[in-house]
There are 2 protein chains.
Amino acid sequence: MKEKKVTPYHHGNLKESLLETALEMVDTEGLEAITLRELTQRLGTSRSAVYRHFDSKETLIIGVIQKGYADLDLLFTPIFQDRTHSVAERFEMMGRAYLEFAIEHPNLYRLLFGENYRHEREEACDYKDENQATGLYALIGLLLEAQEEGIIAKIDPIVQAATVWASIHGLASLMIDGHLMMSDNFEEIYKYSQSVLLKGLL
Amino acid sequence: MKEKKVTPYHHGNLKESLLETALEMVDTEGLEAITLRELTQRLGTSRSAVYRHFDSKETLIIGVIQKGYADLDLLFTPIFQDRTHSVAERFEMMGRAYLEFAIEHPNLYRLLFGENYRHEREEACDYKDENQATGLYALIGLLLEAQEEGIIAKIDPIVQAATVWASIHGLASLMIDGHLMMSDNFEEIYKYSQSVLLKGLL
DNA sequence: GAATTAATGTTGACAATGTTAACATTAAAT
DNA sequence: ATTTAATGTTAACATTGTCAACATTAATTC
């Protein structure tokens, strides 16, 4: 039986592997930890091999962002659409899942919802619509349901969605960036924020 | 009359000048634009001179952050304490001033309230208490006033403050990081957020 | 099936960056 | 006046993203 070559000249699936490994590196060690040398070394290729698949490091990271959004959608969309729970319950589940993700994957969360590569993201507006916005549209859908049930006021759901998202994103950001010195109360703060939101939205 | 030496060997006020120029550079060009070479060149000194005043670039940036907080306090505290306006009015003024600052100085805002140098900030806890928290304490004071007037519910003002701050910080962050694709409605979103807050806090 | 072309990977080099060591100059202290 | 501390300079280093020139494999064409 022929022994498998340890390091074949062609990797075979380098582009996807780069994205996967980079995503993993961001998640565990932060964006700064991604160097092309370290990244390619882990895959057994040379630094410059990246440039056969991406224009620059920036382009690669944007690919990672896209991948991250896609993964997130798989996580969140089912919660929004889970008809076995009431709208109010789903609202609570959504907020909790969102915060849990941010706290368990702070580096990834910052990459997806922070400043990084803002300009480039804005240029690639098609991807923006496809991925980044789907979560927001799911939230809008949930709010429309809530409007129908009379739980919240019937006003522009886009404005409502921005308000809700900002509230939870603010909580998540302050928390993972170490600005909530009262973080031992975090559960209490979250519950209070949710109650303020639901009360205020009516 | 002796002509002033164009470039004296000793700058005379290098430490403070470094902080000022660095702050200005962050504000106008972003944190990434700060390189020791560019920074020192603007002041007419050599790159390594920085190390006579700061252990590292990191330490210098932390100094910039401290300076930024001090400046911010001078901006916000008067609003909180302005007794010529009602509590509700000051609440509105505060939120608007906060958002205006974030939008006019996004790079500075990110440096002060984002992830940067989180660990180092947490280590220097005295500075954290002195500066970063003063704004929060001012907010807590305002909320206590509001509680006395019966505008909002009498519960733990720290929890309320976190909720309010998160809501506005979330709005500011999403805005300056380009995540609000409906940013043409921003004024409407802000007003709605404020109304949701006040209604929910009661 | 052989020859050509495209795709993919490697090596060496480059400029920019933060940092340090060794040295130079000025101010402060004795 | 001499010594010492403070402050500034220069040269060098390792690390980084990037690119050009070259090497190897896969795909295509005749």
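If you're wondering where the values come from, they're calculated on a predicted model, not measured in any experiment. All chains are named by letter (A, B, ...) in the order of the sequence lines, taking the proteins before the strands, and each is independently numbered beginning at 1.
The residue A:Ile34 sits close only to the backbone: its heavy atoms come under 4.0 Å of sugar-phosphate atoms, none of a base. Within 4.0 Å (heavy atoms only), B:Ser46 reaches at least one base atom of the nucleic acid.
If you measure from atom CG of B:Leu39 to atom C1' of C:dT17, you get 13 Å, rounded to the nearest angstrom. The distance between atom CG of B:Leu60 and atom C1' of C:dT17, rounded to the nearest whole Å, is 15 Å. One interatomic measurement links the two molecules: CG of B:Asp55 to P of C:dG18, which rounds to 16 Å at whole-angstrom precision. Counting to the nearest Å, the P atom of C:dT20 and the NZ atom of B:Lys57 are 14 Å from each other. Computed from coordinates, the A:Leu14 CG to D:dT24 P distance equals 19 Å when rounded to whole Å. Atom-to-atom, CG of B:Leu18 to P of C:dG18 comes out at 13 Å; the value is rounded to the nearest Å. As a whole-Å value, the separation of A:Phe54 CZ from D:dC19 P is 15 Å. Across the protein-nucleic acid pair, B:Arg47 atom CZ and C:dT19 atom P stand 14 Å apart, rounded to whole Å.
Out of D:dA21, D:dT18, D:dT9, the shortest distance to the side chain of A:Arg52 is found at D:dA21.
A heavy-atom distance below 4.5 Å is found between the side chains of A:Lys154 and A:Glu148.
The six-membered or imidazole ring of A:His105 lies away from that of A:Tyr109, with a centre-to-centre distance of 6.0 Å or more. For B:Phe91 and B:His85, the gap between ring centers reaches or exceeds 6.0 Å.
B:Ser48 contributes a side-chain N or O that forms a donor-acceptor pair with the base of C:dT20 under 3.5 Å.
Ring planes of A:Tyr69 and A:Phe113: perpendicular class, angle over 60° (limits at 30 and 60°).
Heavy-atom distances to DNA chain D give each of B:Arg37 and B:Asn13 a nearest nucleotide, and the one nearer the 5′ end belongs to B:Asn13. Both A:Ala49 and B:Glu38 sit near DNA chain C, but only A:Ala49 has its closest nucleotide nearer the 5' end.
A donor-acceptor pair shorter than 3.5 Å cannot be found between the side chains of B:Thr40 and B:Thr45.
Between B:Tyr51 and the phosphate of C:dT20, there is no side-chain N or O to OP1/OP2 separation shorter than 4.0 Å. Distances shown here put a side-chain N or O of B:His53 below 4.0 Å from the OP1 or OP2 atom of D:dG8.
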